[in-house]
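Both backbone and side-chain heavy atoms feed into the values below; hydrogens, waters and symmetry mates do not. Chain letters run A, B, ... following the sequence lines, proteins first, then strands; residues in each count from 1.
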Amino acid sequence: MSASIHLEATLFSGQSFAWTQQDGIYQAVLNQELVSFTEESFHTVVSSNPQLRHYFDMDWEYEKALSHLSSLDGHLSEAIQSYRGIHILNQDPWEVLMSFLLSQNNNIKRIRSMYQKLSEVYGAHIEGPWYAFPRPQHLQGVTQRELRALGMGFRAPYLLDAIQNHAILAGIPLLSDQKASEELQTIKGVGPKVALCILAFAYHRQQAFPLDTWMLKVMKTYYPGRDASYFAPYAALAQQYLFHYERTQGGRS
DNA sequence: GGCCAGGCCCCAG
DNA sequence: CTGGGGCATGGC
């Protein structure tokens, strides 16, 4: 059993936009159900629930991966020391697809608020202020005008194309990384970077190494001339540490 | 109040 | 194949 998961760094490092944290309570709707826990109750809540165990990826080889990555270089080792316990979640592919369509030329705060907006307007009501993220069938018939009125901006047509072609997602597990990426990119608004985020955060492909503006800066500064292969076979996990570290303290005075 | 954000589309060369 | 403008919006 792996040591400890770093809940805050895992849930707020830009791989999921479903979570809130207030007064020490983490909450989100998963599988049409409200999930709540604190740092103290997390293990009790999760260990008795196989679906949550899988969602939080509690049985993967994090010890082995971190031991390897820490040996690579000082910068990565520092990022790992700072946030040891980041897990890569096994999220629903549909929600990850939609989330990262929203992500382009956008910031994490606003991605989260747009995700919540779609949930409140089109998703099933769960309880109190909580809504599930809408399934594709809940979004049939939605128009571009509606989506733009909700503030989705130029991403509206991309969301519509994803709604029409969501069936692509079911076939992704059968494909190689390369073929899977090409298949995802047949959806409008999905380019190389968004495809890699989907492969990493929904399909747990460890070779996926998405490069956004932050990661481009990291690579230029600390890893000139290198690429994902340097971090193999744990590129996705390395990327998540480097991304989060850069956005929080790394490089800041 | 301008700059920037987990980019991509589209069109020129 | 590569480069660069345009794109909606709001947080800061």
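- Picking from C/dC12, C/dA8, B/dA5 the nucleotide with the shortest atom distance to the side chain of A/Arg155 gives C/dA8.
- A/Lys193 places its NZ atom 17 Å from the C1' atom of B/dC9, with the value rounded to the nearest Å.
- Regarding A/Arg247, its CZ atom lies at a distance of 9 Å from the C1' atom of B/dA5, rounded to whole Å.
- Each of A/Ala149 and A/Tyr158 has a nearest nucleotide on DNA chain C; the 5'-most of these lies closest to A/Tyr158.
- The structure places CZ of A/Arg148 at 10.5 Å from CG of A/Leu159, a figure rounded to the nearest 0.5 Å.
- Put simply, CD on A/Gln185 is 8 Å from P on B/dC9, counting in whole angstrom units.
- In this structure, A/Arg148 reaches the C/dA8 phosphate: one of its side-chain N or O atoms is under 4.0 Å from OP1 or OP2.
- Base contact: A/Gly14 has a heavy atom under 4.0 Å from a base atom.
- Distances from the side chain of A/Gln104 to the nucleotides B/dC8, C/dC12, B/dA5 place B/dC8 closest.
- Whole-Å rounding puts the A/Asn106 CG to C/dG10 P distance at 10 Å.
- Counting to the nearest Å, the P atom of B/dC9 and the CG atom of A/Leu160 are 15 Å from each other.
- The backbone N or O of A/Pro157 lies less than 3.5 Å from no partner atom in the side chain of A/Asp161, so there is not a single donor-acceptor pair.
- Side chains of A/Tyr26 and A/Gln21: a donor on one and an acceptor on the other come within 3.5 Å.
- Rounded to whole angstrom, the span from the CD1 atom of A/Ile198 across to the C1' atom of B/dC8 amounts to 13 Å.
- Of the possible donor and acceptor atoms, none in the side chain of A/Ser67 sits under 3.5 Å from a partner among the backbone N and O of A/Glu63.
- For A/Arg110, whose side chain is taken as the heavy atoms from C-beta onward, the closest listed nucleotide among B/dC8, C/dG10, B/dA5 is C/dG10.
- A 4.5 Å side-chain heavy-atom check between A/His68 and A/Phe231 finds every atom pair outside the cut-off.
- For the pair A/Leu147 CG and C/dC7 P, the computed distance is 19 Å after rounding to whole Å.
- No contact: A/Ser99 has no heavy atom under 4.0 Å from any strand.
- Closest approach to the A/Asn107 side chain among B/dG7, C/dG10, B/dC9 is made by C/dG10 (side chain taken as heavy atoms from C-beta onward).
- Across B/dC8 and C/dG10, the matching P atoms stand 22 Å from one another, rounded to whole Å.
- Straight-line distance between the P atoms of B/dC3 and C/dG6: roughly 15 Å, to the nearest whole Å.
- Spacing between B/dC4 and C/dG5 at atom P, rounded to whole Å, works out to 15 Å.
- The side chain of A/Lys109 places no N or O atom within less than 4.0 Å of a non-bridging phosphate oxygen (OP1 or OP2) of B/dA5.
- Nearest nucleotide to the side chain of A/Phe154, out of C/dC7, B/dC9, B/dA5: C/dC7.
- Taking atom NZ of A/Lys117 as the reference point, atom P of C/dT9 lies 13 Å away to the nearest angstrom.
- Minimum heavy-atom separation, A/Tyr158 to A/Leu101: O-CD1, 3.7 Å.
- Here B/dC8 is the nucleotide among B/dA5, C/dT9, B/dC8 with the atom lying nearest to any side-chain atom of A/Pro192.
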